[in-house]
S.K.: 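Structure provided below as structure tokens; questions to follow.
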Amino acid sequence: MFAYLQHQQQELEKVRGVLIYLYNGHEFQEDYRWDDRRTMEIMTIDLRGKWDKIKETLIQLLAC
């Protein structure tokens, strides 16, 4: 992911990568910013929950 983000065209105003892992008993959400243009997020999602909550979480993630 890091290499992919680093090698994106300069014409792209903002580049964002997101890694989503399944919840395994430890919930986390981390954001890493290299500069004003490049961001990577790592988070967990619990697929055992209700679909409405999972859907809301994913939609919020895409809306950022």
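As the structure is a computational prediction, the values presented were derived from the model and not from experiment.
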S.K.: Could you walk me through whether Thr39 and Tyr32 satisfy the side-chain contact (heavy atoms from CB on, under 4.5 Å) test, starting with their C-alpha distance in whole Å, then the side-chain angles of each, then the deciding distance to 0.1 Å, before giving a yes or no?
M.R.: CA-CA 6 Å; Thr39 304; Tyr32 299 96; over 6 Å; no
S.K.: Take atom CD in Gln6; do more than 12 heavy atoms of anything else shown fall under 6.0 Å from it?
M.R.: yes
S.K.: Got a second to check how far Thr44's OG1 is from Phe28's CZ, nearest 0.5 Å?
M.R.: 5.5 Å
S.K.: Counting N and O atoms only, with roles assigned by atom type, does the side chain of Gln8 sit under 3.5 Å from a partner on the main chain of Tyr4, one being a donor and the other an acceptor?
M.R.: yes
S.K.: Any chance you could lay out the salt bridge (charged side-chain N to carboxylate O under 4.0 Å, His left out) test for Arg48 and Asp46, step after step, and finish with the verdict?
M.R.: CA-CA 5 Å; Arg48 298 174 300 167; Asp46 187 355; 3.1 Å; yes
S.K.: If you compare all heavy atoms of Arg37 against all heavy atoms of Gln9, which two are closest, and at what distance to 0.1 Å?
M.R.: NH2-O, 2.5 Å
S.K.: What I'd like to find out is whether the side chain of Leu19 reaches to under 4.5 Å of the side chain of Met1, using heavy atoms alone.
M.R.: yes
S.K.: Does atom OH (Tyr23) have a neighbourhood of more than 12 heavy atoms from anything else shown, all under 6.0 Å?
M.R.: yes
S.K.: Taking the hydrophobic residues Ile, Leu, Val, Met, Phe, Trp and Tyr, and joining any pair whose side-chain heavy atoms are under 4.5 Å apart, which ones share a cluster with Trp51?
M.R.: Val18, Ile20, Leu22, Met43, Ile45, Leu47, Ile54, Leu58, Leu61
S.K.: Taking only residues two or more places apart in sequence or in another chain, which ones pass salt bridge (charged side-chain N to carboxylate O under 4.0 Å, His left out) with Asp36?
M.R.: none
S.K.: Between Asp35 and Arg38, what is the shortest heavy-atom contact and its length?
M.R.: OD2-NH2, 2.6 Å
S.K.: Decide if atom CZ of Arg16 counts as having more than 12 heavy atoms of other residues, nucleotides or ligands within a radius under 6.0 Å.
M.R.: yes
S.K.: Just do the side-chain contact (heavy atoms from CB on, under 4.5 Å) check on Arg33 and Met40 with the steps written out, would you?
M.R.: CA-CA 7 Å; Arg33 297 188 187 278; Met40 184 168 71; over 6 Å; no
